[in-house]
Amino acid sequence: MDRFRVLAQQADKAGHILALVLLDIDHFQQINNHSSFAVGDDVLAQVAQRLTSLLTQEEVLARIGDDEFAMALLCQADGSDALERIGQLRGALASPIIVDGKPFALEACTGGGLYPIDDESPDQILRKATIALKEAKALGPNQAMMFDPNMDMTSRRRRFIDTAFASAMKKGQLQLYFQPQVALTETKVGRLAGAEALMRWFHPQRGLIRPDVFIPAAEENGLIVPAGIWALQEVCERLIAWRDHPVAPKRIAVNISARQLACHDFIDQVATIITQTGVNPSMLELELTESAVMHNVTGAIPKFQALREIGVQLAIDDFGSGYTCLDYLKKLPVDCLKINRSFIQGLPDDWASAAITKTLLILARELDLRSIAEGVETQEQLAFVREHGCHEVQGFFFSRALPEDAFLTYVETLAEASPES
Ligand code: C2E
Ligand code: CA
Ligand code: CA
């Protein structure tokens with residue numbers, strides 16, 4: 001940063017601008033894992049040499065992290081050559097790096113910020129280049145991004161969510177909504193089979209904040225762990241409160257994030273909540289997304305077995321969207337597969353969606369698992385999944401997720417429409 005500040009003063013005098021470029025090598029850890037740290041060091045040294053060879057005497061190269069480099073480039077006053085220079089630096093990694101006769105093909109992401117165009121403070125430029133790098137990495141390997149003020153908007157919003165969500169739980173701003181899951185049988189449609197509890201956040205100034213916005217942030221900052229426990233507790237309390245209600249659901253599903261499952265005391269917490277509330281564990285279903293499970297199958301197996309012993313039901317959420325490796329279904333005790341909404345959306349006309357849905361339903365049936373089609377919005381979609389043996393549906397065709405009172409009113413209407421249940 002010292003050298004960058006000095007260079008910034010020089011650039012000011014000479015009427016140049018500076019491009020601060022951060023370069024992060026993709027999957028560098030694999031080199032350390034598959035070869036050795038000595039080989040990894042050698043690769044990094046060669047990367048540094050290649051990058052240096054493309055810089056002028058005054059320009060700066062620094063290694064600022066394990067596999068992360070920062071460069072300050074002197075560019076023309078209008079910044080017109082910045083992209084070309086960054087392209088050259090990226091090109092330096094195009095041919096493989098050879099260590100002990102072995103080639104290593106590298107890819108890298110870059111993020112860049114322009115001084116003084118993006119900001120007049122070198123520290124802020126570093127921050128903005130870091131944001132650009134993060135956006136590039138989010139796109140996948142081998143991506144390049146320059147800072148753009150919109151990115152900062154998103155990161156400002158993220159900071160707002162990070163701080164506000166922490167107090168949301170304490171201030172009672174979180175609430176659970178319930179979406180009905182309706183059973184499909186040979187003869188009739190419409191008996192309530194269960195419900196999924198979905199989290200909502202009511203912010204006093206901003207109103208309703210959707211889970212798509214705050215759940216990913218809470219996953220990243222770890223607050224999903226206490227929030228998920230809160231949801232579990234809340235669901236168990238509802239099940240107890242609705243115990244004598246004639247038509248309330250006898251099963252409620254709650255979403256569990258990968259981070260929660262990874263907690264060493266997760267199983268104990270589930271057991272404690274069940275004991276303390278006195279809920280019948282078989283009325284509780286835990287939904288884990290396929291990608292969360294696949295993230296660490298070996299770690300998930302004993303946890304699933306322990307949850308099974310406690311007596312809760314287990315569902316794989318967003319089934320079909322995470323991975324094609326189905327091997328894990330043999331190893332994990334699960335009760336239910338929830339067919340991802342993306343396949344249901346295309347029904348019945350999109351042949352690929354139809355083929356995949358049919359196949360997933362056959363798979364569920366053959367494995368003796370309950371199936372739920374998610375995101376059913378139309379009569380045609382309902383008819384399709386019903387015809388192919390799906391057990392239950394959840395979607396706007398029946399109802400959106402509703403607050404408790406509206407939900408109970410809805411299930412009463414449903415019970416009246418299908419009295420034989
Ligand atoms: P999900 O678990 O896949 O939940 C289903 C989402 O699909 C819900 O969105 C639901 O409102 C929506 N949906 C249901 N039927 C339809 C339909 O017919 N059409 C369309 N377009 N959408 C439908 P929601 O409530 O916005 O939740 C989004 C995601 O946030 C959830 O996806 C889940 O991943 C996460 N989430 C929500 N509550 C919790 C929670 O308590 N814990 C955790 N870990 N994640 C949660
Ligand atoms: Ca879910
Ligand atoms: Ca889902």
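Read the numbers this way: they start at 1 and go in the same order the structure lists the ligands and their atoms.
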Verify whether one side chain among Glu377 and Gln381 offers a donor that lies under 3.5 Å from an acceptor in the other.
no
Does Arg159 CZ have over 12 foreign heavy atoms under 6.0 Å away?
yes
Near ligand 1 (heavy atom, under 4.0 angstrom), the protein residues are Gln179, Glu196, Leu198, Met199, Arg200, Arg210, Pro211, Asp212, Ile215, Ile224, Asn255, Ser257, Asp317, Asp318, Arg341, Glu374, Gly375, Val376, Glu377, Gly395, Phe396
Answer yes or no: are there more than 12 heavy-atom neighbours, outside Gln88 itself, under 6.0 Å from its atom CD?
yes
Under 30°, 30 to 60°, or over 60°: which ring-plane class applies to Phe4 and Tyr115, parallel, tilted or perpendicular?
perpendicular
Where the side chain of Asp81 meets the backbone of Glu84, is there a donor-acceptor pair that is under 3.5 Å apart?
no
Taking the side chain from Ser35 and the backbone from Asn32, do they hold a donor-acceptor pair closer than 3.5 Å?
no
Mark yes when over 12 heavy atoms from residues, nucleotides or ligands other than Asp368 sit less than 6.0 Å from its CG; otherwise mark no.
no
Is the ring pair Trp201/Phe160 parallel, tilted or perpendicular, if the boundaries are 30 and 60 degrees?
parallel
Let me know which of Met145, Arg90, Met146 forms a side chain to side chain contact (heavy atoms under 4.5 Å, CB included) with Thr110.
Arg90
Count up the protein N, O or S atoms sitting under 3.0 Å from the Ca ion (ligand 2), would you?
4
